[in-house]
Structures are given as C-alpha cells and as structure tokens.
*Asks:* 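Mind having a look at this structure? Questions to follow.
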Amino acid sequence: MTPADLSRTVLHAVRRAVDEDALRVPVPARVRVERTRPGGSGDYACAVALQLAGPAALPALEVARILRERVAAEPGVGRVEITGPGFLSFTLDAPAAGDRTVLAAVREQGLGYGHGDALRDEIHQFHHAREVRAAVTAQAVFRLLVAQGARGRTTCEQAPDPDWVRLGVTVNAYGTPPTPLTEIRPVPAGATAGELLERLGPDAARWGLLRAAGHDRAALGPELLVQGEANPLFRVRYAHARARALTRGAAALGFTAEPAPYDESPAGPAAHVASPAAQAANAAPAATTAYDAAARPLLDLIADHPGVLLAGARHRAPDRVARQLEAVAHAFFDFHDSCPPLPAGDEKPSAAHRARLAIAEAAGTVLAGGLSLLGIRAPEHL
C-alpha cells in the first residue's frame with residue numbers, strides 16, 4: 001500500500017462513517033497522510049480526526065475512534081493507533097509486497113513513473129513576463145501539468161528572449177492573450193538568460209531558477225558549479241550516475257536486479273558457500289522484512305514520487321520536485337553506504353545484492369525522470 005492508497009483508504013473510511021451516520025460532517029475532498037516523524041508510532045500518521053472534530057461537534061479522540069475501526073478493517077493495514085490529541089497512526093501490513101509493487105512500477109514505467117491522468121480535464125494558459133525566471137518557471141509547470149494529463153500553452157507579454165531556447169524554453173505566443181487563464185510572475189532572478197548561460201550553463205541555471213519557491217530569491221551563485229556534496233544539484237546528478245554505474249558493475253559480475261525478498265535462495269552460479277565474513281554481510285533480515293532497514297527511507301521516497309509530481313503540478317511548484325530529488329539522493333547515498341548493492345572481496349552475487357540493486361536502479365530512474373521534468377540533463381557518467 002502506497003501513501004496515496006492509504007490516503008484513499010482513510011477518505012473511504014470517512015465516507016463510510018458519514019453514510020452510516022456515525023459522523024455528521026462534510027466529506028473532505030482529500031485526506032493528507034504523512035510519514036511518521038522520528039520517535040513517532042507506526043509508518044504513517046494523519047490528522048483528519050482533529051480536522052473533523054469541530055464540524056462533527058465531537059471530541060477529536062471520539063472521531064479518531066470512529067475512523068480507527070473502519071480503517072483497521074481495510075486490506076493492507078496492520079494496526080491503527082490513536083496518539084496525542086487524536087492523531088491516527090498506521091502500521092501497514094506486508095510492506096514487502098508493497099515495496100516490490102512500487103519497484104516493479106518504476107521498472108515498467110521508466111522515466112514516466114509518476115506520470116498520470118489526474119488532471120486530464122484541465123486546460124491552462126500560462127502568461128508570463130519577459131523575464132528569465134518567469135519563463136523557466138512557466139515552462140517547468142507546464143511540463144508537470146502535461147505529465148498529469150493536462151493541456152495548455154505558454155504565452156509571454158512581449159517577444160521572447162532568443163536565449164531562452166538554450167534554456168529549454170519555448171513560448172507558443174506573445175502579446176496580451178484573449179483569455180489569460182493563469183499568470184506566472186515569480187520574483188525576478190535579476191539576470192538575463194544570456195548572462196546566466198555564460199556564467200552557469202543551462203542545467204545549473206535552470207536548477208538555480210527552479211529550486212527556490214516562487215516567493216524566495218533564486219540562488220544563482222558559483223556554488224551551483226561546485227563538484228561536491230555541498231552542491232545539491234551535483235549530489236542529485238551524482239546519485240543518478242552512481243546508480244547507473246551500479247547497473248554496469250552488476251552486469252560485469254553477471255547478475256541483474258531482482259526486487260524480491262532476501263530470503264529467496266540464490267540460483268545458478270550465484271549459489272555457493274561464501275566466506276564467514278561474506279555470510280555475515282549478506283545475512284537475511286527477519287522473515288517479516290524484505291529489505292534492509294536502511295532502505296526504508298529511500299523506498300518511501302520512491303513510493304511518494306507520484307504524489308510529489310502531482311502536487312508540484314497542482315500548486316505550480318517545481319521547487320517541490322527539486323527538493324524531493326535532493327531527498328532521494330541523500331537517502332540513496334545513505335542506503336548505498338549501509339547496504340552495498342555490489343559484492344566486495346570474495347563475496348558472490350546474492351539475492352540480497354539483487355534486491356539492493358533493484359532499489360538503487362529505481363532511485364536512479366526517479367532522479368532521471370524528475371530532472372527531465374525540470375529540463376535538466378541526468379548524465380550516465382559524472
């Protein structure tokens with residue numbers, strides 16, 4: 001069960017409670033579910049009971065109890081607890097099956113993972129100023145909307161800057177549109193496209209223009225070109241390149257990714273008796289855990305990716321996508337360092353390595369797809 005599935009499950013529980021007259025409230029359009037914060041209980045948490053308490057004229061704890069019994073009966077939900085003043089905390093059943101489903105979806109959909117048709121009935125026209133940040137932002141928002149099934153075009157109030165093309169910006173028309181549906185006017189970047197291209201190049205310039213929220217000043221200094229972990233853009237692109245290098249390394253060792261539990265018996269030439277040190281490194285987790293505990297943050301971020309893309313489109317906020325890519329890259333390196341996907345020394349490829357490689361490859365795909373929507377290249381080698 002993904003976070004989006006859980007959100008729909010909770011919303012369904014609210015509808016059931018209303019239909020059964022256990023709650024008398026307007027059913028919300030959607031319910032927000034978030035990963036539990038450090039020190040919290042369960043896998044995910046939701047504040048819907050606190051939100052409905054006022055309209056229902058009931059204590060939040062009573063609303064939470066009404067919803068708990070309905071959510072707990074749903075498939076995929078292992079345990080529902082009430083914490084604090086009325087938060088619902090969820091522990092999901094069979095995380096392994098859900099993880100494998102997510103990894104299979106990434107493999108099947110490739111760079112299109114997270115794209116959908118949630119906004120298929122929407123038509124947008126983004127009219128923006130003749131300013132580089134407005135132009136790049138409008139183009140990125142347009143890409144996000146198209147990835148969710150929407151249609152539309154971008155227009156500029158004056159003839160476009162010819163240098164915009166080198167930044168991946170196209171403008172369908174200019175002048176005053178007959179029916180301006182939506183305007184994009186973020187804080188100006190304070191530089192021209194030509195100057196940014198000369199100083200930073202197209203990829204770093206686009207990242208600098210899009211990484212900050214629209215109301216914040218864009219950071220466009222030389223730090224965007226630093227080849228080190230202090231530079232978020234470098235870290236994101238390096239994580240992608242490293243994921244691709246792992247695939248090449250695995251191919252050289254004669255194995256491929258397999259999103260399966262570690263307790264599967266290795267087959268073919270991988271089946272052998274490893275050294276004691278290798279056996280310890282490859283020891284399977286408890287039977288109820290399909291992947292290393294260190295993989296959990298990365299798997300959760302991969303599962304969250306479709307929701308982030310949809311939120312970025314709905315809120316016209318490409319900065320949300322950029323920040324999520326940073327989080328994926330950070331979690332990837334933590335996972336990579338704790339659970340190496342490639343064998344070392346006298347180890348032979350095992351089911352553990354195949355499962356880890358599947359996670360690493362999925363992370364690389366998410367990073368490449370997100371960068372593509374922002375109009376930024378994801379090099380295979382870096």
Side-chain angles (χ1 to χ4, degrees), residues 111-116 118-119 122-157 160-161 163-174 180-193 196-197 200-220 224 232-233 236-237 240 304-329 366-378:
L111 299 184
Y113 173 66
H115 295 203
L119 307 182
E122 297 187 10
I123 301 174
H124 296 267
Q125 176 171 299
F126 291 108
H127 186 61
H128 58 82
R130 192 179 188 274
E131 185 272 319
V132 63
R133 189 178 181 193
V136 169
T137 301
Q139 189 74 36
V141 171
F142 181 73
R143 287 172 184 245
L144 289 170
L145 283 163
V146 169
Q148 301 301 323
R151 293 175 293 140
R153 68 175 186 168
T154 59
T155 63
C156 182
E157 61 187 19
D161 184 334
D163 286 325
W164 288 357
V165 175
R166 295 165 59 200
L167 278 171
V169 173
T170 57
V171 177
N172 301 115
Y174 64 92
L181 303 180
T182 307
E183 291 190 332
I184 298 280
R185 294 180 182 275
V187 178
T192 65
L196 289 175
L197 285 163
L200 298 173
D203 290 330
R206 284 188 68 91
W207 178 271
L209 292 167
L210 295 172
R211 169 59 181 80
H215 56 273
D216 292 332
R217 180 173 295 278
L220 296 166
L224 288 168
L233 174 58
V236 168
R237 298 173 87 190
H240 168 264
D304 286 349
H305 186 65
V308 172
L309 295 186
L310 180 57
R314 278 183 168 146
H315 297 283
R316 302 174 193 131
D319 57 289
R320 295 191 179 197
V321 178
R323 287 195 298 273
Q324 201 242 4
L325 296 182
E326 292 178 28
V328 170
V366 164
L367 292 169
L371 286 172
S372 175
L373 285 172
L374 298 180
I376 298 171
R377 293 176 300 119

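The figures here come from the full heavy-atom set of this structure, side chains too, leaving out hydrogens, waters and symmetry mates.
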*Asks:* Kindly indicate whether the side chain of L373, heavy atoms from C-beta on, has any atom under 4.5 Å from the side chain of H115.
*Replies:* yes
*Asks:* Check whether R133 reaches the backbone of R217 with its side chain - one donor and one acceptor, N or O, closer than 3.5 Å.
*Replies:* no
*Asks:* For L167, does its backbone N or O pair with a side-chain atom of R206 as donor and acceptor, under 3.5 Å?
*Replies:* yes
*Asks:* Taking the side chain as everything from C-beta on, heavy atoms only, tell me whether R314 gets closer than 4.5 Å to L119.
*Replies:* yes
*Asks:* State, with a plain yes or no, whether a side-chain heavy atom of H128 is found less than 4.5 Å away from one of T137.
*Replies:* no
*Asks:* Going through the distances and angles, do V308 and R323 end up as a side-chain contact (heavy atoms from CB on, under 4.5 Å)?
*Replies:* CA-CA 10 Å; V308 172; R323 287 195 298 273; over 6 Å; no
*Asks:* Would you give the length of the straight line joining atom CZ of R143 to atom CG of L309, rounded to the nearest 0.5 angstrom?
*Replies:* 13.5 Å
*Asks:* To the nearest 0.5 Å, what is the distance between CZ (R377) and NE2 (H240)?
*Replies:* 12.0 Å
*Asks:* Which atom pair, heavy atoms only, marks the closest approach of H127 to C156?
*Replies:* CE1-C, 3.6 Å
*Asks:* How far apart are the closest heavy atoms of A138 and T154, and which atoms are they?
*Replies:* O-CG2, 4.2 Å
*Asks:* To the closest 0.5 Å, what do you measure between CG (L310) and CZ (R320)?
*Replies:* 10.0 Å
*Asks:* Identify the two heavy atoms, one from L145 and one from A313, that lie closest to each other, and give their separation to 0.1 Å.
*Replies:* CD2-O, 3.8 Å
*Asks:* Checking I376 against V236 for the side-chain contact (heavy atoms from CB on, under 4.5 Å) test, could you report, in this order, the C-alpha distance in whole Å, the side-chain angles of both residues, the deciding distance, and whether it holds?
*Replies:* CA-CA 11 Å; I376 298 171; V236 168; over 6 Å; no
*Asks:* Using 0.5 Å steps for rounding, measure from the CG atom of N172 to the OG1 atom of T155.
*Replies:* 8.0 Å
*Asks:* Between Q139 and T170, is there a donor-acceptor pair closer than 3.5 Å when you use the side chain of the first and the backbone of the second?
*Replies:* yes
*Asks:* What are the two closest non-hydrogen atoms of V171 and P160, and how far apart are they?
*Replies:* CB-CG, 3.8 Å
*Asks:* Does one side chain, of E122 or H124, offer a donor that lies under 3.5 Å from an acceptor on the other?
*Replies:* yes
*Asks:* Taking the side chain from D163 and the backbone from A193, do they hold a donor-acceptor pair closer than 3.5 Å?
*Replies:* no
*Asks:* Provide the closest heavy-atom pair for D203 versus G375 in the form atom of the first, atom of the second, distance.
*Replies:* OD1-O, 4.1 Å
*Asks:* How many angstroms lie between atom CH2 of W207 and atom CG of D319, to the nearest 0.5 angstrom?
*Replies:* 10.5 Å
*Asks:* Among D161, T192, L209, which one satisfies side chain to side chain contact (heavy atoms under 4.5 Å, CB included) with V132?
*Replies:* L209
*Asks:* Kindly compute the distance separating CZ (R151) from CZ (F142), expressed to the nearest 0.5 Å.
*Replies:* 10.5 Å
*Asks:* Ring-plane angle category for Y113 and H305, please: parallel below 30°, perpendicular beyond 60°, tilted otherwise.
*Replies:* parallel
*Asks:* Testing the basics here: between A134 and E131, what is the closest heavy-atom pair and its distance to 0.1 Å?
*Replies:* N-OE1, 2.8 Å
*Asks:* Below 4.5 Å, heavy atoms only, C-beta onward: do P202 and R166 meet side chain to side chain?
*Replies:* no
